[in-house]
Amino acid sequence: LHTIEYEDEFGCQSRMKIQVNGIYAGRDEAACTGAPPFAFVDFEPKGGIWSGSFVADSGVFTPQQSGIFTLTYSVNGCTDTKDVVVGSIDLTSAVPKDTLCESDPDFTLDFSPKGGVWKGNGIVDTLLGIFSPRLARGGTHKLIYQMQGCKDSVFVHVRNINIGGFLSVCTDAAPIWLGDVDPDGG
């Protein structure tokens with residue numbers, strides 16, 4: 001709630017209160033072509049009307065045709081929009097190389113369409129698809145990308161590397177053996 005005050009050159013005053021109503025149509029979403037109808041749930045405030053292709057006034061979307069659909073949510077004279085991408089999942093380039101190291105930096109999986117949710121060990125951002133080899137740790141991990149009505153997966157192999165723990169030596173110590181490393185050959 002905001003108050004606006006006005007005073008003219010004669011000292012006469014007036015006030016007005018303005019309420020700013022927030023509106024949020026929700027995050028963009030993705031669905032597979034032909035998936036069952038689904039209802040939008042993360043919009044605010046409730047009680048408005050949806051409009052656009054393949055959407056009912058109540059916010060139930062029917063993904064019957066591929067494409068990008070911009071939908072409008074209206075309530076109390078305010079509007080906001082969201083996109084729904086309808087198509088098939090493409091994970092062919094999701095991972096930059098077939099084997100990663102635990103020490104590799106976090107990276108964003110390359111996928112389309114955006115709007116679904118990632119799940120799996122090492123995923124640190126479920127919407128953007130950011131994967132952390134360090135948090136995933138060594139091993140083969142199945143990462144699942146799910147949209148409305150379908151899902152697909154990709155496997156990521158993270159190579160564990162461990163040169164041991166902490167070692168304290170004196171400056172005049174004899175050479176030491178660091179032979180217990182995993183994997184060998186480094």
N/O donor-acceptor pairs under 3.5 Å from side chains in residues 57-70, not counting sequence neighbours:
residue, atom, partner, partner atom, Å
S66, OG, T33, OG1, 2.7
T70, OG1, D83, OD1, 2.6

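Between A30 and G116, the closest heavy-atom pair is CB-N, 4.0 Å. In terms of heavy atoms, C101 sits closest to P133 at O-CB, 3.3 Å. Looking at every heavy atom in both residues, G87 comes nearest to M147 through O-CE, 3.8 Å.
Listed by chain and residue number, D90 satisfy the side chain to side chain donor-acceptor pair (under 3.5 Å) test with T92 (two or more places apart in sequence, or in another chain). Qualifying side-chain contact (heavy atoms from CB on, under 4.5 Å) partners for V75, counting only residues two or more places apart in sequence or in other chains: I23, P45, Y73.
Listed by first then second residue, pairs satisfying ring pair (Phe, Tyr, Trp, His ring centres under 6.0 Å) with a partner in residues 86-110 read F107-F131, not counting sequence neighbours. The stretch residues 7-36 participates, sequence neighbours left out, in these disulfide bond (SG atoms under 2.5 Å apart) pairs: C32-C150. Residue pairs meeting the side chain to side chain donor-acceptor pair (under 3.5 Å) criterion with at least one member in residues 125-138, sequence neighbours excluded: D106-S132.
Contact check for R27 versus L127: side-chain heavy atoms found under the 4.5 Å cut-off. Side chains of T72 and D80 form no contact here, defined as non-hydrogen atoms less than 4.5 Å apart. Side-chain contact between W118 and V154 is present, with at least one heavy-atom pair separated by less than 4.5 Å. Using a 4.5 Å heavy-atom cutoff, the side chains of Q148 and E29 are in contact. Residues Y145 and K119 fail the side-chain proximity criterion, which asks for heavy atoms closer than 4.5 Å.
A continuous path of Ile, Leu, Val, Met, Phe, Trp and Tyr side chains, each step under 4.5 Å between heavy atoms, connects L100 with L91, placing both in one hydrophobic cluster. In the hydrophobic clustering of ILVMFWY residues, with side-chain heavy atoms under 4.5 Å counting as a link, F111 and I123 come out together. Under the 4.5 Å side-chain heavy-atom criterion for ILVMFWY residues, a single connected hydrophobic cluster contains both V55 and V86. Under the 4.5 Å side-chain heavy-atom criterion for ILVMFWY residues, a single connected hydrophobic cluster contains both F38 and L71. Linking Ile, Leu, Val, Met, Phe, Trp and Tyr residues whenever their side-chain heavy atoms come within less than 4.5 Å places V84 and F54 in a single cluster.
Taking the six-membered ring wherever Trp is involved, the centroid distance between the rings of Y24 and F43 does not fall below 6.0 Å.
Rounding to the nearest 0.5 Å gives a distance of 11.0 Å between CD of Q146 and CG of D152. Between the CG atom in N121 and the NZ atom in K142 there is a gap of 13.5 Å [rounded to 0.5 Å]. Rounding to the nearest 0.5 Å gives a distance of 10.0 Å between OG of S14 and CG of D8.
Around atom NZ of K17, no more than 12 heavy atoms belonging to other residues, nucleotides or ligands sit under 6.0 Å away.
Between the E102 side chain and the G138 main chain, a donor and an acceptor come within less than 3.5 Å of each other. Of the possible donor and acceptor atoms, none in the side chain of D110 sits under 3.5 Å from a partner among the backbone N and O of A94.
A donor-acceptor pair shorter than 3.5 Å can be found between the side chains of T140 and H157.
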Task: Audit row: V85, D28, side-chain contact (heavy atoms from CB on, under 4.5 Å) steps and yes/no - done: CA-CA 8 Å; V85 180; D28 292 343; over 6 Å; no
Task: Derivation of the side-chain contact (heavy atoms from CB on, under 4.5 Å) call for D104 and K97 - done: CA-CA 11 Å; D104 285 343; K97 52 188 177 181; 3.5 Å; yes
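Geometric assessment of K82 against the ring of F40 yields a positive cation-pi assignment under the 6.0 Å and 45° thresholds.
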